[in-house]
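These notes are about the structure you will find just below.
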Protein chains: 2
Amino acid sequence: MLDLRRLEILARFAARGTITATAADLGYSPSAVSQQLATLEREAGIALIERTARRASLTDAGRELAGHAARILDAVESAESRMRARAGTVGGRVAVSCIPALAPALAPRLAELQRVHPELTVVAHETGSANAAAAVLDRRYDLAVIDDWSAHPPADGTGLAVHRLRREDIVLAVPAGHPLAGHPGPATAARLRQIVADRTWLCAPVGQLSRAAGDRHLASVDATPSRRWEFEGLHVLAALVAADAGVAFLPAGMAEEQPGVTGLRTAPRMRRTLLALTRSTTRDDPAVAVCLRAARQALGDGR
Amino acid sequence: MLDLRRLEILARFAARGTITATAADLGYSPSAVSQQLATLEREAGIALIERTARRASLTDAGRELAGHAARILDAVESAESRMRARAGTVGGRVAVSCIPALAPALAPRLAELQRVHPELTVVAHETGSANAAAAVLDRRYDLAVIDDWSAHPPADGTGLAVHRLRREDIVLAVPAGHPLAGHPGPATAARLRQIVADRTWLCAPVGQLSRAAGDRHLASVDATPSRRWEFEGLHVLAALVAADAGVAFLPAGMAEEQPGVTGLRTAPRMRRTLLALTRSTTRDDPAVAVCLRAARQALGDGR
DNA sequence: ATCGAGCATCAGATCTCCTTATCCAGTCCA
DNA sequence: TGGACTGGATAAGGAGATCTGATGCTCGAT
């Protein structure tokens, strides 16, 4: 009978592509991974891996078996979650990912969990929203807090459970001294076109969801920034606006909290949604549930 | 992570009910089973087994986990079959069950397989048709050859693949010296009513499918045997008819082969269907496929 | 040409798991 | 009532699996 741990190694290898990375992910030595994959090939009775001296890649059979492995591991994880739910024990290791901007708000809540549930180990990382879904499905994280800048955030899908934490309005952040700050009407298309012509436009680097959403909005009102500066991190953008370095789109809460910044409602309205992602196989796991609840308390809008 | 072998032990325990029987099924000592189940409980973090001194039975959690285990093991077996199909190798162990009457015809074909495919091990048993489906689903057998005496044989169902091998007419077998043997018209209702009044009715014991089907037929033509003898095995019944001990329903082929017996067509027509059962998870396994092909050649009607 | 990344293989230490032996608690039966 | 039997748990020991660390190989990049 095929061995579950070997199947897990194969699935991880399919996701990562090299034996060394697979070993690092799983906490084994590359040697162990190499041996286990060799054993799995013997058990399966067919070549799963194409070996060159420097590179190992999956054969067709290997790819197919990795697919089966993913489904099998899902079923096992699901069964484990159900048992933990029955036992009602909060324990084990939960890997959490959070976008950097929200980490300061989330971390204390998670730290508190460790106090309430001594058996629980939370491992938290900061990562962007872009690949979070894949990372959760890949079991690199069990819970990921991300933001979604599109009008219609994703819903539960293949293996992924999506939990809406909060909706936030996006505002045009201008320095408190700016003429528009005195007339706090909405940032209409005309106003936007004018301001991007006058002032430096501050935004996230290409590839970030907030950048794409902001660019879409500007394009929709036919506003083309005359000068762009790119910075990583919404808090950095907020500080730059306060320092009169330019203007930017920011979440309303963040603009309010930043002294020296005034936020103007956008028209048409622009929003982002804070989401938490889990695997549907861990839906029943109490450990994941308490982490999700902590995220709701730290970041949710109370619903 | 839950261990696959332990899950298999749990699933088997759920099917058998005692640790000793589980161990016997899997070829372990009871001690090993006991230890593995204890380990599984520790891993699952919840009691799976209710232990009294003399009896071990599943808790609710244990029953649920056994259900998950069955699905997981199905997925694993399916993956294994797919890999074997890709490799195209006929090997491993195939457990075959066959109803006693057909075993003499099937066995030589299976023996030949062992010659053609040295890597293949076939383990054959004779069992009745009644519990064959459950035994196949339970992995006690990989292939079961059974007969079905109902008008509408079962089709593929939950996890079971049904392969039709042959349909056979059922005839009324009378001794060659009997008056009806000279007038080989069909055994109509009237003739049946008369003959069961005159002669001893030979049939299989209660519980056999052939017995139930025969009784149904007799009842449908309102014929009540005046005297019954019950014997196990259709070949035995054929020999008894030849020895002028009575009359019986027999498959046409069996009646023809038996010297001293004449078969009369039944009206309405009565038939049995020879079926082979496999798990749908082993549909792709070449080893099961060659055994099924052997059964078709030995017992099928060439379609 | 040299270096480094990635992988395979080997030897040894550790750990897992199975078996045998023994014990315990009910149940059956005389 | 008291053995014999059945079903299960536990302890000890050995066989086998698996991990690590060391070593060597190949290929591509500097």
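Residue numbering restarts at 1 for every chain, and letters A, B, ... go by the order of the sequence lines. Note that the structure is predicted; figures quoted are calculated from it, not measured.
- Every pair passing side chain to side chain donor-acceptor pair (under 3.5 Å) that includes a residue from residues 66-81 of chain B is listed here, sequence neighbours excluded: B:E64-B:H68, B:H68-B:R71, B:D74-B:R139, B:E77-B:R139, B:E77-B:R279, B:E77-B:T281.
- Atom-to-atom, CD of B:E50 to P of C:dG26 comes out at 15 Å; the value is rounded to the nearest Å.
- By the salt bridge (Lys or Arg N to Asp or Glu O under 4.0 Å) test, B:R5 pairs with no residue at all, sequence neighbours left out.
- Look at CG on A:L26: it is 11 Å from P on D:dT20, rounded to the nearest Å.
- With sequence neighbours left out, the side-chain contact (heavy atoms from CB on, under 4.5 Å) criterion links B:I49 to B:F13, B:L37, B:E41, B:R51, B:A56, B:L58.
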Please list each protein N or O that sits under 3.5 Å from an N or O in nucleotides 14-21 of chain C, with the distance.
unit_1, atom_1, unit_2, atom_2, d
C:dC18, OP1, B:R5, NH2, 2.3
C:dC18, OP2, B:Q36, NE2, 2.9
C:dT19, OP2, B:S29, N, 2.9
C:dT19, OP2, B:S29, OG, 3.0
C:dT19, O4, B:Q35, NE2, 2.8
C:dT20, O4, B:S31, OG, 3.0

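- Between the CD atom of B:E41 and the C1' atom of D:dG8 there is a distance of 13 Å, given to the nearest Å.
- In summary, A:R55 and A:E50 do not engage in a salt bridge, as defined by a charged side-chain N under 4.0 Å from a carboxylate O.
- Contacts between residues 16-23 of chain B and DNA chain C, defined by a heavy-atom separation under 4.0 Å, are absent.
- What separates CZ of A:F13 from P of C:dG6 is a distance of 12 Å, to the nearest Å.
- Going from atom CZ of A:R42 over to atom C1' of D:dA17 covers 11 Å, rounded to whole Å.
- Within the structure, side chain to side chain donor-acceptor pair (under 3.5 Å) contacts touching residues 7-18 of chain A (residues at least two apart or in different chains) are A:R12-A:D25, A:R16-A:D25.
- Legend: residues meeting side-chain contact (heavy atoms from CB on, under 4.5 Å) with A:A69, ordered by chain and number and at least two apart, are A:L7, A:A11.
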Would you tabulate the side-chain donor-acceptor contacts of residues 107-124 of chain A under 3.5 Å, counting partners in other chains and residues two or more places apart, or write 'none'?
unit_1, atom_1, unit_2, atom_2, d
A:R109, NH1, A:Q297, OE1, 3.2
A:Q114, NE2, A:V122, O, 3.4

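- Remark: A:R6 pairs with A:Q36, A:E43 by the side-chain hydrogen bond (donor to acceptor under 3.5 Å, both in side chains) rule, at least two apart or across chains.
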